[in-house]
Amino acid sequence: MAFEGLADRLQNTIQKIRGKGKVSEADVKEMMREVRLALLEADVNFKVVKEFVKKVSERSVGQEVMKSLTPGQQVIKVVKEELTELMGGEQSKIAVASRPPTVIMMVGLQGAGKTTTTGKLANLLRKKHNRNPLLVAADIYRPAAIKQLETLGKQLSMSVFSLGDKVSPVEIAKQAIEKAKADHHDYVLIDTAGRLHVDEALMDELKQIKELTNPDEIFLVVDAMTGQDAVNVASSFNEQLGLTGVVLTKLDGDTRGGAALSIRSVTNTPIKFVGLGEKMDALEPFHPERMASRILGMGDVLTLIEKAQANVDEEKAKELEQKMRSASFTFDDFLEQLGQVRNMGPLDELLKMMPGANKIKGLDNLQIDDKQISHVEAIIKSMTKVEKVHPETINASRRKRIAKGSGTSIQEVNRLLKQFEDMKKMMKQMVGMQQKGKKKGGFKLPFKPF
Ligand SMILES: Nc1nc2c(ncn2[C@@H]2O[C@H](COP(=O)(O)OP(=O)(O)OP(=O)(O)O)[C@@H](O)[C@H]2O)c(=O)[nH]1
Ligand SMILES: [Mg+2]
């Protein structure tokens, strides 16, 4: 996971000051020394580190902290606020042109993830914002580039505009916008070519496309794994083109996080999205405050809840709640739930968003992988209709049959049956709690049970 080292170090540091009833200037100084090292080690730009430490120190020895009842907590609050500020403060939204289509140009170096991100962004615009984007293949240099975008378009069932590789990218962009107007596309995403380095020919071409299409957004796509280089690349693209946003890709890898923490303050360009994988749904809006919270081990419950909401069907959730209340939850329901949870992404990544999760020992080794889920699915699918509704009828010989049918072991079948029973018990308790709470008008489940 990205930020692991930084998160560990910062959390250890703030842990020391958390409970302090009194915080001296020396305490703050000591803490800031560690924060500084942690940031430098995470490959954060040294000027950025200096500025950050200065701000946090000033605020920490000031009245607001020293005079408070919980100075330790206050220092942590200051760190979190400044970290949030560093990454851009408010979340920045994607532009909408007053007269459609909204034009977005995707630029960046070779292999940064422009084409992939173009597909992901189109997918997000359609799914979350109900938009109808047109993808434009304006990379005529790399042999397979057009094909790559067309394949993504097919996969997403979205229109891709291309004129082959004999027409100039500027002309392609121009005609694409006319096409978008004619076909009522509200967004135009232009996938441009990448180069190994920032070079003049590339910049000239991009400038021409910019002049001609007058884009509402110019997104620089940068690979977070490239650390400080990402910041330099962002600076030069910004000088030449005037960026409106950055998309940081490959944040699913174990980048130290320096780029995410420096780009905003060095280039004054907000990070708008982060790429978290190769699949078309692995793009998330960047929330500085949530990211700060994650880095400091305070969890990212909001993203977790949003993921749950996006993937859990309202109707089905209600139906499920009803089933839980009447304790008629069956293995069929369980199977369906499993499918929904799977849609949310890898389970261990989800668990890491829980507050304090990185302090749970062994979570890193916990591989709740797809294979395990597949086994559970296979077991359930090997049950008869009656067995799924009345698991109490599953005796020893039936267990043997189910294990054989699903290619698993009797132990695995036993374990699942036991877990299912436990889960049903827990549901009853939760429903009981919720009803009790309702009478008092208090307790409510934080999000829909699944
Ligand atoms: N793990 C991970 N891989 C990514 C992400 N974004 C892109 N990639 C991968 O990075 C590689 C390059 O992505 P492309 O989209 O082709 O990059 P590009 O910038 O269009 O490259 P050029 O067209 O050659 O300039 C592909 O293998 C992508 O699957 C991400 O967020 N996470
Ligand atoms: Mg490309």
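Remember, predicted model here, so these are calculated numbers, not experimental data. Just follow the structure's listing: the first ligand is 1, and inside any ligand the first atom is 1.
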Shortest non-hydrogen separation from L135 to G153 and the atoms involved: CD1-CA, 4.3 Å
Protein heavy atom at shortest distance from atom 8 (N) of ligand 1: K250 CE, 3.8 Å
For atom 1 (N) of ligand 1, closest protein heavy-atom neighbour: D252 OD2, 2.8 Å
Determine whether L109 and D223 make a side-chain contact, defined as any pair of heavy atoms from C-beta on separated by less than 4.5 Å. no
Short side-chain to backbone donor-acceptor contact, T192 and M106, under 3.5 Å: yes
Where is the tightest heavy-atom contact between V78 and V56, given as atom of each residue plus distance? CG1-CG1, 3.9 Å
Per-atom filter on ligand 1: closer than 4.0 angstrom to a heavy atom of G275 are 31 (O)
In terms of side-chain heavy atoms, does D333 have a donor or acceptor partner in T330 at a distance below 3.5 Å? yes
Does even one non-hydrogen atom of G277 get within less than 4.0 Å of ligand 1? yes
Can you confirm, on distance only, whether ligand 1 has an N/O atom lying under 3.5 Å from any N/O atom belonging to G111? yes
Can you confirm whether the side chains of E289 and T84 place a donor and an acceptor under 3.5 Å from each other? no
Whether the side chain of T249 engages the backbone of V222 through a donor-acceptor N/O pair (distance < 3.5 Å, no angle test) should be reported. yes
Atoms of ligand 1, numbered as shown, that sit under 4.0 Å from any heavy atom of D139: 23 (O)
Taking the minimum heavy-atom distance to atom 20 (O) of ligand 1, which of T115, L109, V247 ranks first? T115
Please verify whether a non-hydrogen atom of L283 lies at under 4.0 Å from ligand 1. no
the protein heavy atom lying closest to atom 16 (O) of ligand 1 turns out to be Q148 NE2, 2.9 Å
Can a donor-acceptor pair be found, under 3.5 Å and without considering hydrogens, that links the side chain of T244 to the backbone of I218? yes
Do side-chain atoms of K174 reach the backbone of T213 as a donor and acceptor pair under 3.5 angstrom? no
Taking only heavy atoms of L276 into account, list the atoms of ligand 1 that are under 4.0 Å away from them. 31 (O)
Compare R142, K120, K114, E284 and give the one whose heavy atom is closest to atom 24 (O) of ligand 1. R142
If hydrogens are left out, which of E278, Q110, K279 has an atom nearest to atom 9 (C) of ligand 1, that is, the closest non-hydrogen atom? E278
Which ligand 1 atoms are under 4.0 Å away from a heavy-atom of G194? 25 (O)
Identify the protein heavy atom lying closest to atom 15 (O) of ligand 1, giving its residue, its atom name and the separation to 0.1 Å. T116 OG1, 2.4 Å
Check the side chains of Q148 and R142 for a donor-acceptor pair under 3.5 angstrom, ignoring hydrogens and angles. yes
Check each of A282, G108, G113 against atom 17 (O) of ligand 1 and report the one with the nearest heavy atom. G113
Heteroatom N/O/S of Q148 within less than 2.8 Å of the Mg ion (ligand 2): no
Might you point out which heavy atoms bring V221 and T117 nearest each other, and give the distance in Å? CG1-OG1, 3.9 Å
Determine whether the side chain, the backbone, both or neither of V221 has a heavy atom under 4.0 Å from any heavy atom of ligand 1. neither
Please determine if A112 has a nitrogen or oxygen closer than 3.5 Å to a nitrogen or oxygen of ligand 1. yes
